[in-house]
There are 2 protein chains.
Amino acid sequence: MLSHLCLPIGMPATDLGKLDDLVKDRVRVEKGRPLFTLGSELDAVYAVRFGSLRTQLEQSEGDLQITGFHLPGEIVGMDSIGQHRHVSSAIAMEDSEVCVIRIDDIDRVGRLLPSLQSQIRRLMSQEISRSQQMLLTLGSMRSEQRVAGFLLNLSQRLSTLGYSSTEFILRMSREEIGNYLGLTLETVSRLLSRFAREGIIHIHLREVRILDMAALQQVFGQEC
Amino acid sequence: MLSHLCLPIGMPATDLGKLDDLVKDRVRVEKGRPLFTLGSELDAVYAVRFGSLRTQLEQSEGDLQITGFHLPGEIVGMDSIGQHRHVSSAIAMEDSEVCVIRIDDIDRVGRLLPSLQSQIRRLMSQEISRSQQMLLTLGSMRSEQRVAGFLLNLSQRLSTLGYSSTEFILRMSREEIGNYLGLTLETVSRLLSRFAREGIIHIHLREVRILDMAALQQVFGQEC
DNA sequence: CGCAGGCTTGATGTAAGTCAAGCTGTGTGG
DNA sequence: CCACACAGCTTGACTTACATCAAGCCTGCG
């Protein structure tokens, strides 16, 4: 595993060494505590080393939208670069550790290592693409497609990290899933129960086992 | 206006001169024609010089999500940097012209002008933030809030470009607006009619006049 | 053991979608 | 120059997917 290097997945090995320069500090965040909050000052982005976080936008008066769940190897905070203050909050869903990547250091190291700049661009571009994929989900998919897509996406990312793609623990509550997917917690619960009744998955609280990946993909991809 | 320079709004004037290096080509795109399409090869992003474009994701079989409407001074194509191929399509909504900004040139000029790199990061970060704001819209706002927010957003951007913030022409159809906002064209039409009936706006086909900006903001911001 | 928070399940309500008809403005060919 | 056609828009009647409200049930923890 590369995770000891605190690096985003997919960075070419040739550049790995120099990147250690970027990571000076690590920070631990306890379950439920924020890594940063809306409006706080910003000078860094963070690579998740272990654990998991959620990021969320906060609108006036309790209106809240979860914009992502972040697993090890993923970068948090790229929506606020170039602002003076964070435009979102990040909260640990379990005890976690992140590597601090200071913006100033990106510039400094980037001068010596031009390919770093393009790597950063690539990661930011992926984040744009990821959000836009979510727009498609929220804008034009039905509830069952959203939940199926959510499970498939988690499965795929966990498998990239070396975990099982068919058996895992949800780190987030039904309410958090619902908020992320633009649904209520009841709808999420009902759909998970239905998938289980149909033999597509097995679910007990936060333990998930995918029994029929193809069926799940079919639910996700189905027209109408 | 800065638009002759083909530059994104908000770039500090000190760097403007060097940036001309970045822009070698301009391309015209006729109304309805694509600037690029899903899967086509990529080596550049584009700054809109005049006209307007929409960007869209295309899922299997006619399932399509419009992810943005782009006015002069805005950058199109940042979701695909670092991929070899475009992950979305961009289509002109009227006869338009864009400036071509080659990725290679960003690297080349960026080496001489380090602040360019951070400017690019800032623009990409804004794009992430913009998409995530849309997630909040699609995930947790009601139809009337979405439409009100859409009008306010357009108004604000047009005013930044030096146009009237209260009187403008929609470049997109009801269907395109609906797709973008996760609504049907009928719902969009009904809400525009309702806002007109309530004296908040005047609308006739694609001509919009905002009569009561405060009321529109109230609809947008209202709790529940 | 008992409580609290998270989850499930059912009954009912409603916002927005679907289907359908008619209208309006624009462009085209006789 | 008129009329006809067509695409885009509006409006109404009806349907439906998901939300809301409300019980009751686990299960992990103090």
Side-chain angles (χ1 to χ4, degrees), chain A residues 31-32 54 62-66 91 93-95 137-151 169-198 201-209 219 222-224, chain B residues 31-32 54 62-66 91 93-94 137-151 169-198 201-209 219-220 222-224:
Chain A
K31 177 173 178 166
R54 67 167 197 266
D63 201 11
L64 179 147
Q65 175 71 37
I66 294 175
I91 289 134
M93 297 194 298
E94 58 189 313
D95 290 353
T137 298
L138 296 188
S140 59
M141 287 192 173
R142 280 164 323 99
S143 55
E144 57 194 295
Q145 292 178 284
R146 300 188 201 187
V147 175
F150 172 74
L151 291 174
I169 308 284
L170 298 175
R171 250 58 244 213
M172 61 295 280
S173 69
R174 300 288 188 270
E175 182 163 23
E176 289 170 321
I177 299 172
N179 181 299
Y180 178 61
L181 297 176
L183 302 170
T184 57
L185 69 102
E186 292 96 328
T187 300
V188 173
S189 176
R190 272 185 247 275
L191 286 167
L192 291 174
S193 301
R194 201 185 97 194
F195 291 164
R197 212 178 315 124
E198 294 170 349
I201 64 172
H202 180 268
I203 184 145
H204 177 64
L205 299 179
R206 301 198 175 182
E207 296 166 29
V208 179
R209 191 166 44 210
V219 171
Q222 77 200 195
E223 193 60 24
C224 177
Chain B
K31 177 173 177 167
R54 66 167 198 266
D63 201 12
L64 178 149
Q65 176 70 36
I66 294 175
I91 289 135
M93 297 194 298
E94 57 189 315
T137 298
L138 295 188
S140 59
M141 287 193 175
R142 278 163 328 95
S143 56
E144 56 194 298
Q145 294 178 283
R146 300 187 201 187
V147 175
F150 172 73
L151 291 175
I169 308 283
L170 298 174
R171 249 60 243 213
M172 61 296 279
S173 69
R174 301 288 188 269
E175 183 163 22
E176 289 171 322
I177 298 172
N179 182 298
Y180 178 61
L181 296 176
L183 302 170
T184 57
L185 68 102
E186 291 95 329
T187 300
V188 173
S189 176
R190 273 185 247 274
L191 286 167
L192 291 174
S193 300
R194 200 183 99 194
F195 291 165
R197 211 179 315 123
E198 294 170 348
I201 63 172
H202 180 267
I203 183 143
H204 177 64
L205 298 179
R206 299 197 177 182
E207 296 165 30
V208 180
R209 191 166 48 219
V219 171
F220 177 59
Q222 77 201 197
E223 194 59 27
C224 176

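Each chain gets a letter, A, B and so on, in the order its sequence line appears, and its residues count up from 1. Side chains are part of it too, since the values below use all heavy atoms of this structure and drop only hydrogens, waters and symmetry mates.
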Worksheet item: Which residue lies toward the 5' end of DNA chain D, A/Leu205 or A/Arg190, if each is placed at its nearest nucleotide?
Response: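 It is A/Arg190 whose nearest nucleotide is closer to the 5' end.
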Item to complete: For B/Ile203 and for A/Met141, locate the closest nucleotide of DNA chain D by heavy-atom distance; then report the residue assigned to the nucleotide nearer the 5' terminus.
Response: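 Taking each residue's closest nucleotide, the earlier one in sequence belongs to B/Ile203.
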Practice prompt. Could you tell me whether A/Arg194 and A/Glu198 make a salt bridge, using a distance below 4.0 angstrom between a side-chain N and a carboxylate O?
Written response: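 Result for this pair is yes, salt bridge flagged.
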What nucleic acid atoms does [X] come within less than 4.0 Å of, heavy atoms only: base, sugar-phosphate, or nothing?
X        : value
A/Thr184 : base
A/Arg146 : nothing
B/Gly178 : nothing
B/Arg194 : nothing

Worksheet item: Counting just side-chain N and O atoms, does A/Thr187 come under 4.0 Å of either OP1 or OP2 of D/dA19?
Response: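 Checking A/Thr187 against D/dA19: at least one side-chain N or O falls below 4.0 Å of OP1 or OP2.
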Worksheet item: Has A/Ser173 got a side-chain N or O lying under 4.0 Å from the OP1 or OP2 atom of C/dG6?
Response: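 No, because none of the side-chain N or O atoms of A/Ser173 sits under 4.0 Å from OP1 or OP2 of C/dG6.
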For atom [atom1] of [X] and atom [atom2] of [N], their distance in whole Å:
X        : N      : atom1 : atom2 : result
A/Met172 : C/dG5  : CE    : C1'   : 18 Å
A/Arg174 : D/dC18 : CZ    : P     : 18 Å
B/Phe195 : D/dT11 : CZ    : P     : 14 Å
B/Ile169 : C/dG25 : CD1   : P     : 14 Å
A/Leu183 : C/dT8  : CG    : P     : 14 Å
B/His204 : D/dT11 : NE2   : P     : 12 Å
A/Leu192 : C/dT9  : CG    : C1'   : 14 Å
B/Leu191 : D/dC9  : CG    : P     : 15 Å

Discussion item. Given the structure, check if the side chain of A/Glu186 and the base of D/dC21 hold any donor-acceptor pair shorter than 3.5 Å.
Written reply: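 Side chain to base: pair present.
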Worksheet item: Is the number of heavy atoms from other residues, nucleotides or ligands under 6.0 Å of A/Glu175 CD greater than 12?
Response: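 At most 12 heavy atoms, drawn from other residues, nucleotides or ligands, come within 6.0 Å of this atom.
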Discussion item. Is there a side chain to side chain contact (heavy atoms under 4.5 Å, CB included) between B/Val147 and B/Val219? Walk through the geometry before answering.
Written reply: CA-CA 9 Å; B/Val147 175; B/Val219 171; over 6 Å; no
Worksheet item: How long is the gap from NE2 on A/His202 to CD on A/Glu207, to the nearest 0.5 Å?
Response: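 Between atom NE2 of A/His202 and atom CD of A/Glu207 there are 8.5 Å.
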Worksheet item: So B/Ile203 and B/Arg209, side chain to side chain contact (heavy atoms under 4.5 Å, CB included) or not? Walk me through it.
Response: CA-CA 6 Å; B/Ile203 183 143; B/Arg209 191 166 48 219; over 6 Å; no
Worksheet entry | Among D/dC18, D/dA19, C/dC7, the nucleotide that comes nearest once only the side chain of A/Ser189 is considered |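 Nearest nucleotide to the side chain: C/dC7.
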